[in-house]
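Scroll down for the structure; my scribbles are underneath it.
Numbered from 1 within each chain, the chains take letters A, B, ... in sequence-line order.
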Amino acid sequence: MFIDKINESTSILSTMNELDTMIWQTVADIPFGKVMTYGQIAKRCGYPGYARYVGTVLKNLPANTLLPWHRVINAQGRSSFPEGSDKYAMQIQCLRAEGIVIHNGKIQLSVYQHH
DNA sequence: GAGCTGACACACA
DNA sequence: CTGTGTGCCAGCT
């Protein structure tokens, strides 16, 4: 029925907003000096396979956000920004400020990954 | 509706 | 270890 279509779509919409919120929560819960990967966050939120979506959500964060987005890196233990960019330098700097050691742009997940 | 494009991940060479 | 191919999925053309 027509009304069901509307409810269905709004339900999907609210699910997506809910996912955004869960992603924010998960990122906010990463302790100082630890990191998590995109895929890991997606899984924790109950949405395996949504690694890329985690990235788009973080991208849409306001520049002045208090969320520790710098603690989110890719599965290779590297920043996902191009190596010369401002964002890249920014992320590396923030991580180093938390005592995380980065060697040749690589972070040892075996040491710093938050489970 | 059909492609393209990413702040991704994984397997394999 | 680095490069390449493939799968993935929401958001934008």
Mind listing the side-chain donor-acceptor pairs of residues 58-67 of chain A below 3.5 Å, one per line with the distance, residues two or more places apart or on another chain?
unit_1   : atom_1 : unit_2   : atom_2 : d
Asn60(A) : ND2    : Thr56(A) : O      : 3.1
Thr65(A) : OG1    : Leu67(A) : N      : 3.1

Salt bridge (Lys or Arg N to Asp or Glu O under 4.0 Å) contacts in which one or both residues fall within residues 97-107 of chain A, not counting sequence neighbours: Arg71(A)-Glu98(A)
Position toward the 5' end of DNA chain C (nearest nucleotide), Gly49(A) or Asn60(A): Gly49(A)
Heavy-atom side-chain proximity of Leu109(A) to Ile73(A) below 4.5 angstrom: yes
Please list every donor-acceptor pair under 3.5 Å in which a side-chain atom of residues 28-37 of chain A meets a protein atom from a residue at least two apart or in another chain.
unit_1   : atom_1 : unit_2    : atom_2 : d
Lys34(A) : NZ     : Val111(A) : O      : 3.3
Thr37(A) : OG1    : Gln40(A)  : N      : 3.2

C1' atoms of dC8(C) and dT5(B), separation to the nearest Å: 13 Å
B/S/- contact track for nucleotides 1-13 of chain B, protein heavy atom under 4.0 Å: -----BBBSS---
Partner set under side-chain contact (heavy atoms from CB on, under 4.5 Å) for Met22(A), not counting sequence neighbours: Leu19(A), Cys45(A), Tyr47(A)
Sequence neighbours excluded - side chain to side chain donor-acceptor pair (under 3.5 Å) pairs with any residue from residues 81-91 of chain A: Ser79(A)-Gln91(A)
For Tyr112(A), side-chain hydrogen bond (donor to acceptor under 3.5 Å, both in side chains) partners two or more places apart: none
Pairing annotation in dot-bracket form, given for DNA chain B with Watson-Crick or G-U pairs under 3.5 Å and | for cross-strand partners: .|||||.||||||
Reported CD1-to-CZ distance for the pair Ile107(A) and Arg96(A), which is rounded to 0.5 angstrom: 9.0 Å
Outermost DNA chain C nucleotides near chain A [under 4.0 Å, heavy atoms]: dT2(C) to dG11(C)
Selection: residues 100-113 of chain A, any non-hydrogen atom under 4.0 Å of DNA chain B: none
Any side-chain heavy-atom pair of Ile23(A) and Tyr50(A) under 4.5 Å: no
Contacts of type side-chain hydrogen bond (donor to acceptor under 3.5 Å, both in side chains), residue Ser80(A), not counting sequence neighbours: Asn74(A)
